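Report on the structure given below.
Since we're looking at a predicted model, the values are computed, not measured. All chains are named by letter (A, B, ...) in the order of the sequence lines, taking the proteins before the strands, and each is independently numbered beginning at 1.
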There are 2 protein chains.
Amino acid sequence: MDNVTIKMLAKELNLSTAAISKALRDSHEISDSTKQRVLELANRMNYIPNAYAGSLRRRKSNTIAVVLPEVADSFFSLAINGIESVAREKGYHVLIYLTHESFKREQDILKEFQSGRVDGILMSLTAETASYQHICALEAKNIAPLVFFDRVCDESNTAKIMTDDFESGYKATKHLIECGCKKIAVLSISNYLSISSKRLEGYKQALQDHSIPFDPINLIYCGNDADSNYRFIRKILHEKDRPDGILATVEKLTTKVYLACRELSLRIPDDIKIVSFSNLSAASLLNPSLTTITQPAFEIGKAAATVLFKSLDKKSFQLENIREVLPSELIVRGSTVSGQ
Amino acid sequence: MDNVTIKMLAKELNLSTAAISKALRDSHEISDSTKQRVLELANRMNYIPNAYAGSLRRRKSNTIAVVLPEVADSFFSLAINGIESVAREKGYHVLIYLTHESFKREQDILKEFQSGRVDGILMSLTAETASYQHICALEAKNIAPLVFFDRVCDESNTAKIMTDDFESGYKATKHLIECGCKKIAVLSISNYLSISSKRLEGYKQALQDHSIPFDPINLIYCGNDADSNYRFIRKILHEKDRPDGILATVEKLTTKVYLACRELSLRIPDDIKIVSFSNLSAASLLNPSLTTITQPAFEIGKAAATVLFKSLDKKSFQLENIREVLPSELIVRGSTVSGQ
DNA sequence: TATATTTACTTAACCGATTAAGTTATTTCC
DNA sequence: GGAAATAACTTAATCGGTTAAGTAAATATA
């Protein structure tokens, strides 16, 4: 039960705790022979330093927080993989906080970080986040360096790792238009998120470049409840002037679209074409296979963590105005082009 | 930068730090009027206790660890959701450790827990784990209560939350046999994991009950590398006496099977039928839709966390010999029955 | 009225490590 | 040979809380 402490090592070797501590940290104040003895004993007694004693004294926890809406989403789970790969290499621990798209939770979580629990924060905003005081407060108080990934906060000027959302929205829409779509609906989960608005801008630009007027009726905002999203989508696809193309900006909405199409006997891609932002590895196996905008999720996580650790390794490193934009890829499959 | 501490509150109110601490913890030693004053000031100054000071003194971190092979897997990501939902309610923090199926990592991670970083551990073994000293050591030293979920360790007698793996293996195999399969291959990732052997036992029992001899050649062990798994599966499906039924015990292998079938022009379910352990929400949208054994992933995570917190809340609570078995469900779809 | 108890605190030790500021003994240098 | 520098430690303060033990005043009890 009781773990080996520095005090026990000190008693055993007739040294002060200070000497042990310094020996373990390879201080020049300690002779090589003593260091040897300390190291040997520490190994033999299986000494593991108390995680919190050092954190308290040094005001450093070797822990980062990842704040994100959801894990059960291939983009975020891959991003976590990327983050974890860097954190592990650096010997850091990773705390996970799920907001489940709740702004209140996001606020509570950030507030808790004032406890000094984490040295750095990686964050992707909730779909609800429309006010940024909690983020400003965090930054103003200089609590911990913050790096946004994917769902970044334009109102903050800390580091942001993102994909080319405008271009992605543009590419996807252009592709749908070129496949013959005249009425393209955009499924979104937020009118606050900058990724949403950028994707939407890309969409609008593509329409404009192809002389299709933008009609706000084609903007469809879904919520957090899977069932009502399904019913909503189904209702829209059931209408007389239903869309003939769908751009789903969120992976989870695609399932609903497929199900609704199936139930309404709408043929994909003949009656309706679909492009979805998705990292689903089974995208190519769907019926029909799904045309996706696929983000480099793992790389985004990795890049975000890498930038964060630059700041943690060197206090002078400035996160401000850092923007990394990684390209997404349009992968054309059967939901837009038959026979693919 | 410098956070509000108890010392600052004490100075402000002309009280000792002890009084503040006790007031904040609503001790009977402090008068109501003083408590009021302390609480009011703490609120006003936005006092957030240092996360590590209390943890050090009280030897309690309000943090649990989740040790698992992978997040980019719908079972595990849903389980994390379940765990997080309980942890959040209890005011605990969740550290995530990914083993990526590496035994060495699992050992290192467990060893680190001797630092007292976490109050409790939720764990799912790696596919490689065949030795259990690291787990015994953890338990012997009484470092933190440990609850296994899904990939449990039979050699330990701490709490285990699992699904009915034998029955699932049985049901899946029986279904394949009833669909006409004569030669059913089992895709597995481990011959160590108890879930694997239980599923396999169920498979064998089903064969026996239907008078089909068990042939070890139908046992196919895949590794951790996606590409070589694919090539391996493809090779097997290319052979003359290829299987006519596949039971994939791991979600990620299913994609490979579908791809291999497509490349080899094997028709599912006509030429080959597939059942997979999977929590993929898109299972019904695959081409053909996938017959699955679906585990109650969220509930498993939730149950595991609930049991762990029982032990954390009441030290006398015995985790030993606790076994909760939640039922999985066979969902018949198009990969075994055409037209589904 | 004297003693016991309760109330509402304060003091000081403590959790386990880190580190600034000493303290010797030894070596270096002029 | 004596001052200065260096090596190899120790002492004690510190991080920010928690808590056992102590204390003084107020109240209760005999």
Side-chain angles (χ1 to χ4, degrees), chain A residues 1-39 41-42 45-63 91 112-119 143-144, chain B residues 1-39 41-42 45-63 112-119 143:
Chain A
M1 177 76 215
D2 276 325
N3 260 315
V4 181
T5 65
I6 273 195
K7 206 179 277 181
M8 294 160 73
L9 298 181
K11 182 180 276 181
E12 195 81 10
L13 292 176
N14 259 322
L15 286 169
S16 68
T17 59
I20 305 290
S21 174
K22 287 174 182 169
L24 291 172
R25 324 195 102 245
D26 201 26
S27 158
H28 64 95
E29 290 179 59
I30 305 295
S31 71
D32 285 348
S33 65
T34 302
K35 279 181 193 168
Q36 289 269 314
R37 291 199 306 144
V38 172
L39 243 55
L41 183 70
M45 293 185 68
N46 200 24
Y47 168 74
I48 309 271
N50 181 287
Y52 298 130
S55 291
L56 177 57
R57 179 64 227 249
R58 300 207 282 168
R59 295 150 167 280
K60 186 147 193 325
S61 61
N62 280 268
T63 304
E112 218 276 336
F113 291 158
Q114 286 183 44
S115 69
R117 189 177 294 274
V118 296
D119 296 340
I143 287 164
Chain B
M1 176 81 215
D2 276 326
N3 259 315
V4 181
T5 66
I6 273 195
K7 207 179 278 181
M8 293 159 73
L9 298 181
K11 183 182 277 183
E12 195 78 11
L13 292 176
N14 259 320
L15 287 168
S16 67
T17 59
I20 305 290
S21 174
K22 287 173 182 168
L24 291 171
R25 325 195 100 246
D26 201 26
S27 157
H28 64 95
E29 290 178 58
I30 304 295
S31 72
D32 286 348
S33 64
T34 302
K35 279 182 195 169
Q36 289 268 315
R37 290 200 306 143
V38 171
L39 244 55
L41 183 70
M45 294 185 68
N46 200 23
Y47 167 74
I48 309 271
N50 180 287
Y52 299 130
S55 292
L56 176 58
R57 177 66 225 249
R58 300 206 282 167
R59 296 149 166 279
K60 185 143 196 322
S61 62
N62 281 267
T63 303
E112 218 276 337
F113 291 158
Q114 285 182 43
S115 69
R117 190 177 293 276
V118 297
D119 296 341
I143 287 164

Please report the closest heavy-atom contact between A/Tyr47 and A/Val4, naming both atoms and the distance. CD1-O, 3.4 Å
First and last nucleotide of DNA chain C in contact with chain A, 5' to 3', at under 4.0 Å to a heavy atom: what are they? C/dC15 to C/dA21
Checking A/Asp32 now: which residues fulfil salt bridge (charged side-chain N to carboxylate O under 4.0 Å, His left out) with it, not counting sequence neighbours? none
Output yes when a side-chain donor or acceptor of A/Lys35 lies under 3.5 Å from a complementary backbone atom of A/Ser27, and no otherwise. yes
In degrees, rounded to 10°, what is the bend between the two ends of the helix from C/dT1-D/dA30 to C/dC30-D/dG1, using five pairs at each? 50°
Sugar-phosphate, base or nothing in reach of A/Ser55, heavy atoms under 4.0 Å: nothing
How long is the gap from CG on A/Leu9 to OG1 on A/Thr17, to the nearest 0.5 Å? 10.5 Å
Treating primed atoms plus P, OP1 and OP2 as sugar-phosphate and everything else as base, which nucleotides of nucleotides 10-17 of chain D get B, S or - for protein heavy atoms under 4.0 Å? BB-BBBBB
Could I get the full list of salt bridge (charged side-chain N to carboxylate O under 4.0 Å, His left out) partners for A/Glu12, not counting sequence neighbours? none
For B/Thr34, side chain to side chain donor-acceptor pair (under 3.5 Å) partners two or more places apart: B/Ser31
Does A/Lys7, at its NZ atom, have more than 12 non-hydrogen atoms belonging to other residues, nucleotides or ligands within less than 6.0 Å? no
Would the distance check show the side chain of B/Asp119 and the main-chain N or O of B/Ser61 forming a donor-acceptor pair, the cut-off being under 3.5 Å? yes
Counting distance only, does the side-chain N/O of A/Tyr52 pair as donor-acceptor with the main-chain N or O of B/Ala53 below 3.5 Å? no
Would you tell me whether B/Asn50 and A/Ser115 have side-chain atoms, one donor and one acceptor, within less than 3.5 Å of each other? no
